[in-house]
There are 2 protein chains.
Amino acid sequence: MTGSEHVTADVFAALASPVRRELTALLLSGPRSVNDLASHFEMSRPSVSEHLRVLRDAGLVSEERSGRRRLYRLEAEPLMEVSRWLSPYERFWRDRLAGLRELLNEDGDDHEH
Amino acid sequence: MTGSEHVTADVFAALASPVRRELTALLLSGPRSVNDLASHFEMSRPSVSEHLRVLRDAGLVSEERSGRRRLYRLEAEPLMEVSRWLSPYERFWRDRLAGLRELLNEDGDDHEH
DNA sequence: ACAATAGGTAGGAGATCTCCTACGTGTCAA
DNA sequence: TTGACACGTAGGAGATCTCCTACCTATTGT
């Protein structure tokens, strides 16, 4: 049992591509159609479609059909999982920073005038 | 300028592999040697070395030579960058949850007895 | 000095990723 | 209905990833 690894698995893989991170960033401002999204990239529209499929498979976006267009919408859950995955590491670097501050305080004591 | 994309770039790619996420998890408890790390995997030690190289290139770990061993240590900075990358999305899902709560409250009003 | 230990590197096989162009499907407007 | 539009899918070329087995170097203990 790898615990949280199961769910987080392909979310990280999906976010590994700069194009897909840019897509999620574009969707922060609200749902958008494929052509709208594709217009922000140099690459062909079908390629953007494929990136959207990867994001969809990871649960990061959902699609809603509206006439002949499809609106892609950002989904929060997988991102919350990334946040949860990150939390032990947050504790880790907080401890590091705390240790650093302590060290600086000792140094400050030495140099008090 | 893609802003935060620059630094975050290969960090996400490095974390895309389950093996490498497992490696960083192992390093949470402190620095470890390569053999120590490799013993937790089915795969060959050279392959683990390669994964460590990817993590090192992303700045996620550093190596310290100690005799004939090399201790790998988790580095906080790249993880903090992931956290910073995540923060606009945190705002996004907080808004979503707030909207959901509001909806539930309205629903509660309808059902008051 | 020599064998054993710790670990990186080379080279390659096979899988996967990323992009393309062509083409198919559903929907709207005239 | 017919053409234009919005989008997905197929198939394939080339790059990259992931793992392996050699093999090499540096360090330690005897």
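The chains referred to below are lettered A, B, ... by the order of the sequence lines, with proteins before strands, and numbering in each begins at 1.
- For residues 47-56 of chain A, proximity to DNA chain D is found at A:Ser49, A:Glu50, A:Arg53, defined as any non-hydrogen atom under 4.0 angstrom from a strand atom.
- Residues forming a salt bridge (charged side-chain N to carboxylate O under 4.0 Å, His left out) with B:Arg91 (at least two apart in sequence, or on another chain): none.
- Criterion: ILVMFWY side-chain heavy atoms under 4.5 Å apart, direct or through other members. Under it, B:Leu23 and B:Leu71 are not part of a common hydrophobic cluster.
- Applying the salt bridge (charged side-chain N to carboxylate O under 4.0 Å, His left out) criterion to B:Glu42, with sequence neighbours excluded, gives no partner residue.
- In this structure, the CD atom of B:Glu64 is 18 Å from the C1' atom of C:dG8, given to the nearest Å.
- Contact record, B:Ala58 with B:Val11: O-CG2, 3.8 Å, taken as the closest heavy-atom pair.
- One interatomic measurement links the two molecules: CG of A:Leu71 to P of D:dG8, which rounds to 11 Å at whole-angstrom precision.
- Of the side-chain N and O atoms in A:Tyr72, none sit less than 4.0 angstrom from OP1 or OP2 of D:dA6.
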Check: residues 27-36 of chain A side-chain donor-acceptor pairs under 3.5 Å, at least two apart:
{"from": "A:Ser29", "atom 1": "OG", "to": "A:Leu26", "atom 2": "O", "distance (Å)": "3.1"}
{"from": "A:Ser29", "atom 1": "OG", "to": "A:Arg32", "atom 2": "NH2", "distance (Å)": "3.3"}
{"from": "A:Arg32", "atom 1": "NE", "to": "A:Leu26", "atom 2": "O", "distance (Å)": "3.0"}
{"from": "A:Arg32", "atom 1": "NH1", "to": "A:Asp36", "atom 2": "OD1", "distance (Å)": "3.0"}
{"from": "A:Arg32", "atom 1": "NH1", "to": "A:Asp36", "atom 2": "OD2", "distance (Å)": "3.3"}
{"from": "A:Ser33", "atom 1": "OG", "to": "A:Asp36", "atom 2": "N", "distance (Å)": "3.2"}

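- Residues of residues 27-46 of chain B having a heavy atom closer than 4.0 Å to DNA chain D, listed by number: B:Met43, B:Ser44, B:Pro46.
- Overall bending of the helix from C:dA1-D:dT30 to C:dA30-D:dT1, expressed as the angle between end axes built from five pairs apiece, is 20° (10° steps).
- A straight line from CZ of B:Arg70 to C1' of D:dT25 spans 9 Å, rounded to a whole angstrom.
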Between the protein and nucleotides 27-30 of chain D, are there any N/O to N/O pairs under 3.5 Å, and if so, what are the atom names and distances?
{"from": "D:dT27", "atom 1": "O2", "to": "B:Arg68", "atom 2": "NH1", "distance (Å)": "3.4"}

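- Under 4.0 Å is where a charged nitrogen must lie from a carboxylate oxygen, and between A:Glu64 and A:Arg73 at least one such pair does.
- Judged as a side-chain contact (heavy atoms from CB on, under 4.5 Å), and not counting sequence neighbours, the contacts of A:Val54 are A:Ala14, A:Arg20.
- Residues satisfying the side-chain contact (heavy atoms from CB on, under 4.5 Å) criterion with A:Thr24, sequence neighbours excluded, are A:Leu15, A:Leu55, A:Leu74, B:Trp85, B:Tyr89.
- Not counting sequence neighbours, the partners of B:Arg96 by the salt bridge (charged side-chain N to carboxylate O under 4.0 Å, His left out) test are A:Glu75.
- The nearest whole Å value for the distance from the CG atom in B:Asp57 to the C1' atom in C:dT9 is 14 Å.
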Verify side-chain contact (heavy atoms from CB on, under 4.5 Å) between A:Phe41 and A:Glu22, making sure each step is shown before the conclusion.
CA-CA 9 Å; A:Phe41 297 88; A:Glu22 182 70 22; 3.6 Å; yes
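- With sequence neighbours left out, the side-chain contact (heavy atoms from CB on, under 4.5 Å) criterion links A:Glu90 to A:Leu86, A:Trp93, A:Arg94, B:Ser83.
- Residue pairs meeting the salt bridge (charged side-chain N to carboxylate O under 4.0 Å, His left out) criterion with at least one member in residues 43-61 of chain A, sequence neighbours excluded, are A:Arg56-A:Glu63.
- Contacts of A:Arg20 with the nucleic acid, taken as non-hydrogen atoms under 4.0 Å apart, involve only primed sugar atoms and P, OP1 or OP2.
- Between B:Glu63 atom CD and C:dT9 atom C1' the separation is 14 Å, expressed in whole Å.
- Pairing each heavy atom of B:Arg21 with each of B:Ala16, the nearest pair is NH1-O, 3.4 Å.
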